[in-house]
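Atoms considered below: every heavy atom in the structure, side chains included; atoms not considered: hydrogens, waters and symmetry mates. Throughout, a chain's letter reflects where its sequence line sits, starting with A, and its residues are numbered from 1.
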Number of protein chains: 2
Amino acid sequence: MESVNIKKLAQLLNLSIATVSKALRDSYDISKETKEKVVALAKELNYQPNPHASSLRKHKSKTIAVIIPEIANNYFTLAINGIETVAQEKGYHVLIYITHEDYQKEVSLAKDLYNGRVDGLLISVSGATTDYTHLQQLQQMGLPIVFFDRVCEEFDTLKVTTDDYESSYLATQHLIEQGCKKVAHLAISGNLSIGNKRKRGYLQALADHQMPVSESLIVECTNDDEIDGELIREMFIREKPDGIFAAVERYAMASYEVCGLLNLQIPRDVKVISFSNLRIAAFLNPSLSTITQPAFDIGKEAASRLLNTLEKKNAPLTNENIIFKSSLIQRTSTAK
Amino acid sequence: MESVNIKKLAQLLNLSIATVSKALRDSYDISKETKEKVVALAKELNYQPNPHASSLRKHKSKTIAVIIPEIANNYFTLAINGIETVAQEKGYHVLIYITHEDYQKEVSLAKDLYNGRVDGLLISVSGATTDYTHLQQLQQMGLPIVFFDRVCEEFDTLKVTTDDYESSYLATQHLIEQGCKKVAHLAISGNLSIGNKRKRGYLQALADHQMPVSESLIVECTNDDEIDGELIREMFIREKPDGIFAAVERYAMASYEVCGLLNLQIPRDVKVISFSNLRIAAFLNPSLSTITQPAFDIGKEAASRLLNTLEKKNAPLTNENIIFKSSLIQRTSTAK
DNA sequence: ATGAAAGCGCTAACAC
DNA sequence: GTGTTAGCGCTTTCAT
């Protein structure tokens, strides 16, 4: 990458490096003519300041990191889209890191951010994460962190989530209202707060409607599609549920598969509802009732807040919890 | 971001900065004992070298940029996954940029890479891009570029694609074999090479099978779902096709929608096949026959080649074209 | 085996 | 209004 630098501009214009630098930053104490000359030449030579030099000097990189557990998932895809939109608007760069639900990877990725590589971090933690010291260290070093979706409750910072408890309650209630007598839950593995909230919403709805509650109706899924399929199949055979509330889209698809294998018809024999951001849920066979999170907006909001803090336009990140509303969209999979 | 730097380590150890630096890089002319002391303290204090300083000094950032036209698309999501996997393995960082099919954005994003921000670029060009000077400039400045999927044929560098012409031919032929007499094509807008290849495959298959060929059977889609829906609807009414070959997933979904509106049954009245990387194509109603690209592997290959070049393990990027094979998966939407 | 010093390209305090 | 200079944290040549 051979390219023009500020020194070359200065030489060509017979000016000092400082003057050129100031002219480019539109400083008040540079004459209009000089500024114009400088800007003109910079444009002509396609001058771009060296980002490493200026990051080093200013202790600001105009870059944020996004750490997510997976990407083959519509929620995160949409969230990234929202994040990238805001970042581009404000002239920030976005580094992306995927943990594949691996705690060790999350730790080592966090280490990479220890020394000013980025100005801020947006993270949705891995399901395997129970210890947050890697993130706490980052925060102590002064790195602003915003959690989204998969948050760490105990962490003192901004968190952007959806109303997981409430929508899980409503989803479960919806199944009951549609006539289900035995509702199973396909739960997220690990002890993610999001997983707990969804499970609690489910349990509370069952309790409030005098429905059978049993641990054996809850399948703690993994990150492996095959294992999950097997666990779900076993539960179907063992419990013969007539309603399924899936905590994530992937488990709903696994249920569709299992129903196919067991010759169960949705929604006649089993009704299914799931958290999902699939745009084509309506085209599934049968079309899938979903709880849809405003993922794009969540990404936008998380990024906006972070960038505002970085630009000091706002107070530092408070221990606030911004909660977006999900929407329950009823489709054929829960029809009476 | 207050943190430990090499100077502090040197002070604490009563060594010179140079020695510490060398010890950390495991240089041959540092004694074992010194190395061990340095490494131990570095670990203890969680020392991480400042990436901007070393990038500035070494003219290497260990970072690559990925520019894609959109992300709410399974192909690109999978490709990023492949790219990120390779990058993480080799200790590289991945900056992500989305053009939203906007040429101006692509140009301005390219400008951001003019001055060493990244060591290499992976790009899938926007559909609106017809002029490649912004990329040529980057290449002239010495930035290695690898194209994937949406490539620029005339560009002298490595390109990773799929057998678009062949699979389009096969997809069209498949429709004909399934009994279609009038096959329409939902084509990608603009003059992307990928769009042309898919269209040429379609046209050749029609010609080889003595099928009606007409410009009015080809819908040049846009990037706007609503407009596309309208264009497709008009074509359906005007031409009454009994076969649809969609160049991208989004257009297939639009067709499903239009068929619903016009009370046409798939596959009885119209058969549909589409390029798609949707994992749940099998669960659509009806399940969608697809041409599926090995997107993850394409991302991996593109990234591997780029990183190998950066690490000088390979010769520089040649004007090669690596072609992956797509697979045609027959499902209900093209059943007889 | 260790250290001194220059310099990557830029910014900002301070002089003139 | 413009220039001089120091220094961000690191690597690397050259001396010792």
Side-chain angles (χ1 to χ4, degrees), chain A residues 1-39 41-42 45-63 112-119 141-142, chain B residues 1-39 41-42 45-63 112-119 141-142:
Chain A
M1 291 291 292
E2 283 293 315
S3 46
V4 200
N5 58 20
I6 217 171
K7 200 167 159 188
K8 197 170 204 166
L9 290 182
Q11 281 169 354
L12 291 170
L13 291 164
N14 259 319
L15 287 167
S16 77
I17 291 176
T19 307
V20 175
S21 175
K22 282 182 203 154
L24 290 170
R25 328 206 85 251
D26 203 24
S27 162
Y28 281 110
D29 47 41
I30 299 292
S31 74
K32 240 179 203 161
E33 298 140 32
T34 312
K35 270 187 200 167
E36 278 164 11
K37 270 196 295 184
V38 172
V39 170
L41 187 66
L45 301 185
N46 270 313
Y47 169 78
Q48 284 291 122
N50 181 310
H52 308 301
S54 90
S55 296
L56 176 58
R57 183 60 233 244
K58 299 201 288 189
H59 297 285
K60 291 235 136 96
S61 61
K62 278 273 190 178
T63 304
D112 260 336
L113 309 180
Y114 272 25
N115 224 318
R117 184 180 296 279
V118 296
D119 298 342
M141 288 168 162
Chain B
M1 290 291 290
E2 283 294 313
S3 46
V4 199
N5 58 20
I6 217 170
K7 199 167 158 188
K8 197 170 207 165
L9 290 182
Q11 281 171 354
L12 291 170
L13 290 165
N14 259 317
L15 286 168
S16 76
I17 291 176
T19 306
V20 175
S21 174
K22 281 180 204 157
L24 290 169
R25 328 206 85 250
D26 204 25
S27 163
Y28 280 109
D29 47 41
I30 299 291
S31 74
K32 241 179 202 160
E33 301 139 32
T34 311
K35 269 186 200 168
E36 280 164 11
K37 271 196 294 183
V38 172
V39 170
L41 187 67
L45 301 186
N46 270 314
Y47 169 76
Q48 283 292 120
N50 181 310
H52 308 301
S54 86
S55 296
L56 175 58
R57 182 59 232 245
K58 300 201 288 190
H59 298 284
K60 290 235 138 85
S61 61
K62 278 272 190 178
T63 304
D112 260 337
L113 309 179
Y114 272 24
N115 224 318
R117 183 180 297 277
V118 296
D119 298 341
M141 288 165 163

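In the helix from dA1(C)-dT16(D) to dC16(C)-dG1(D), the end axes, each obtained as the rotation axis mapping the C1' atoms of four pairs onto the next four within a five-pair block, lie 40° apart to the nearest 10 degrees.
Regarding Lys37(A), its NZ atom lies at a distance of 12 Å from the C1' atom of dG1(D), rounded to whole Å. Between the OH atom of Tyr28(A) and the C1' atom of dT2(D) there is a distance of 19 Å, given to the nearest Å. Here the P atom of nucleotide dG3(C) and the CD1 atom of Ile30(B) are 8 Å apart, to the nearest Å. Across the protein-nucleic acid pair, Asn115(B) atom CG and dG9(C) atom P stand 8 Å apart, rounded to whole Å. To the nearest angstrom, P of dG9(D) lies 24 Å from NZ of Lys60(B). Atom pair Lys8(A):NZ and dC10(C):C1' shows a separation of 17 Å (rounding to whole Å applied). Put simply, CG on Leu24(B) is 15 Å from C1' on dT2(C), counting in whole angstrom units. Atom CD in Glu36(A) sits roughly 15 Å away from atom C1' in dG1(D) (whole-Å rounding).
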Chi angles and distances behind the side-chain contact (heavy atoms from CB on, under 4.5 Å) call for Tyr47(A), Leu24(A): CA-CA 10 Å; Tyr47(A) 169 78; Leu24(A) 290 170; 3.5 Å; yes
Pair Asn46(A), Val4(A) - check side-chain contact (heavy atoms from CB on, under 4.5 Å), show working. CA-CA 8 Å; Asn46(A) 270 313; Val4(A) 200; 5.8 Å; no
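Between dG9(D) and Ser54(B), no contact under 4.0 Å exists linking OP1 or OP2 to a side-chain N or O.
Atom CG of Asn50(B) and atom CZ of Arg117(A) lie 9.0 Å apart (nearest 0.5 Å). Between the CG atom in Asn14(B) and the NZ atom in Lys37(B) there is a gap of 8.5 Å [rounded to 0.5 Å]. Interatomic distance, Leu45(A) CG to Leu12(A) CG, rounded to the nearest 0.5 Å: 6.5 Å. Going from atom OG1 of Thr34(A) over to atom CG of Leu13(A) covers 9.0 Å, rounded to the nearest 0.5 Å. One distance of note links NE2 of His52(A) with CG of Asn115(B); it measures 8.5 Å at 0.5 Å rounding. To the nearest 0.5 Å, the span separating OG on Ser54(B) from NE2 on His59(B) amounts to 11.5 Å.
With a 4.5 Å cut-off on side-chain heavy atoms, Ile30(B) and Thr19(B) count as touching.
Remark: Ser55(B) pairs with no residue by the side chain to side chain donor-acceptor pair (under 3.5 Å) rule, at least two apart or across chains. Every side chain to side chain donor-acceptor pair (under 3.5 Å) that Lys35(A) has, sequence neighbours left out, goes to Asp26(A).
Other residues, nucleotides and ligands place no more than 12 heavy atoms under 6.0 Å from the NZ atom of Lys60(B).
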Between the protein and nucleotides 14-16 of chain C, which nitrogen or oxygen pairs are less than 3.5 angstrom apart?
none

Which protein N or O atoms sit under 3.5 Å from an N or O of nucleotides 6-8 of chain D?
from   : atom 1 : to       : atom 2 : distance (Å)
dG7(D) : N2     : Arg57(A) : NH1    : 3.1

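Contacts of Ser55(A) with the nucleic acid, taken as non-hydrogen atoms under 4.0 Å apart, are absent. Note on Tyr47(A): only backbone sugar-phosphate atoms sit closer than 4.0 angstrom, heavy atoms only; bases stay farther off.
Shown for residues 12-21 of chain A: residues whose heavy atoms fall under 4.0 angstrom of DNA chain C, namely Ile17(A), Ala18(A), Ser21(A).
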